[in-house]
Amino acid sequence: MSPDFLENLAATVGQANLLTSHDDRVPFDTDWRGVLNGRSLGVVRPSSVEEVANIVRLCAANSIGIVPQGGNTGMCGGATPDSSAQQIVVSLTRIRAIRELDTSSNCMTVEAGLSLAEAQMAATGKGLMMPLSIASEGSATIGGAISTNAGGVNVLRYGNMRDLTLGIEAVLADGTIWSDLKKLHKDNTGYDLKQLFIGGEGTLGIVTAACIKLHHPPSSRLTFLAGIESVESALAGLDDIRGRFGNIVESWELFSDVSAKLLMQNCGYEKLPVQASHPWYLLGELALHGDGDEDIWAERLVEMADRMRCDDIILATSQSQRESLWAIRENISEAERTQGKGIKHDVSVPAGSIPELITSVLDGFEMRFADCRINIFGHVGDGNLHINAIPRETGHHIKADTAAAISELVYDASAALGGSFSAEHGIGSMKTAQMAKYKRAPALNMMRQIKSAFDPMGIFNPGKMLP
Ligand code: MLT
Ligand code: ZN
């Protein structure tokens, strides 16, 4: 590194936007869960794509690793620097303009640092909808959601970030600004290169803007919470609704009695708004278009509940009730965090194999891991469940060797059913060992070749994703 590297960096972004003191760096060097504490050489906060390109050139000339960061809400340490003090965090949150909201082509071109919530609001302001929704959407950014191919609670109907991204702009390893902000739904002109950056976790370049597909919002929504006796009923209910009415299900979220107890213990809930306690709960939301008569729909829901053998279901009758039902689901991660340092798993299997997955994880679990509980929740409709382990006693930590054994149990069980060890959170620095274990050698080889073609010096997010 040349002696004037930091000086040149400061000249690129302005002294105030290069943070080098310990106190200034800590919020960027630590992941939001407080699990990883990195130590960067500095944090730069560019305000334009040109500044990002200059930063990349400067880092490349000095062989300094670049860690792109959005809202720092990732789950796997993908945006946290290592502890070498040889990496620069590039925080994108000042590059946050809405460049265009095109109501004739139903898409918006926005910069990477805009939060998901701001993007959603902008679309709503024009009578449209940006459907990607995750619990951290107030801080999570467009660039972060693209780089991790974020999923969330609406994947069932609208897809994940990969499905919603029409075009991107990115800064490449030699500082080139690659603008591919197309609005096209169809484009068969060779390899679809943007797909490599979506879910690429900042290892191939820095995403600085994107063109995002928008949808027409439903004219109304039916949101309900049901107490159910089995996971099979949740799957049967989904099949029933889709079979009779088509693709109207926006969300189908499951959580267990353990989640409910955690909410009561740690988030101030006295009870859930259903009548009794149940082994499982289902939060569902249906999108209605046109003059959907809500009374008729309420009757249809009761029919569905009958088929699910459920007699404890509550339907939101106002927007505030809907929000409080959603808050239950969205507070589960926070309830886990208050409980103590646990471990998160983010697996997927073909939806029909979910009951088998749960049985194989829970079978004998308590005997083997008496100090821990498994908390299951997530996006049951698309086959993605969070099978997290939490300490039984509040404030305790799960020991490293226990954590490793539980993770192996969960990942092996998913792999045996043809599943994935990371459905939506990505790899970051936390799951590179699983990449080595579960990803087939030909896939890893192709990924390594792509990495060295795009980033021959290895400056982008060193140590992330690829083992
Ligand atoms: C969620 O769906 O709420 C998160 O992806 C899961 C988590 O916090 O483990
Ligand atoms: Zn999730």
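It should be emphasised that the depicted structure is a prediction, and the values quoted were computed from it without experimental measurement. We count ligands from 1, going down the list as the structure has it; atoms in each ligand are counted the same way.
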Do other residues, nucleotides or ligands put more than 12 heavy atoms under 6.0 Å from D192 CG? yes
Suppose we only allow N, O or S atoms; which atom of H386 ends up nearest to the Zn ion (ligand 2)? NE2
Any donor-acceptor N/O pair, D31 side chain to G34 backbone, under 3.5 Å: yes
With under 30° as parallel and over 60° as perpendicular, where do the rings of H278 and Y281 fit, or are they tilted in between? perpendicular
What residue and heavy atom of the protein are closest to atom 4 (C) of ligand 1, and at what distance? H386 NE2, 3.6 Å
D346 near the Zn ion (ligand 2) via N/O/S, less than 2.8 Å: no
For the Zn ion (ligand 2), which N, O or S atom of E424 is at the shortest distance? OE2
M75 and ligand 1 - part of the residue with a heavy-atom distance under 4.0 Å: side chain
Examine ligand 1 and decide if any of its atoms is less than 4.0 Å from a heavy atom belonging to R329. yes
Residue, atom and distance of the protein heavy atom nearest atom 9 (O) of ligand 1 read K344 NZ, 3.1 Å
Parallel, tilted or perpendicular: which one describes the rings of H425 and H386, with boundaries at 30° and 60°? parallel
Taking side chain as C-beta onward, heavy atoms only, is F377 less than 4.5 Å from L385? no
Sub-4.0 Å atoms of ligand 1 with respect to non-hydrogen atoms of H425: 4 (C), 5 (O), 6 (C), 7 (C), 9 (O)
Minimal non-hydrogen separation, L325 against A316, with atom names: CD1-CB, 4.0 Å
H379 touching ligand 1 at heavy-atom level, < 4.0 angstrom: yes
Which one holds for N388 and ligand 1: side chain close, backbone close, both close, or neither close, with close meaning a heavy atom under 4.0 Å? side chain
Out of all atoms in ligand 1, which are within 4.0 Å of some heavy atom of E424? Include the element for each. 2 (O), 5 (O)
May I ask you to identify the nearest protein heavy atom to atom 8 (O) of ligand 1, giving residue, atom name and distance to one decimal place in Å? S333 OG, 2.4 Å
Within H379, is some N, O or S atom less than 2.8 Å away from the Zn ion (ligand 2)? yes
Are any side-chain N or O atoms of R99 and backbone N or O atoms of T109, one a donor and one an acceptor, separated by less than 3.5 Å? no
Centroid-centroid under 6.0 Å between W297 and F245 rings: yes
Quick one: does M129's side chain get under 4.5 Å of Q120's, heavy atoms only? no
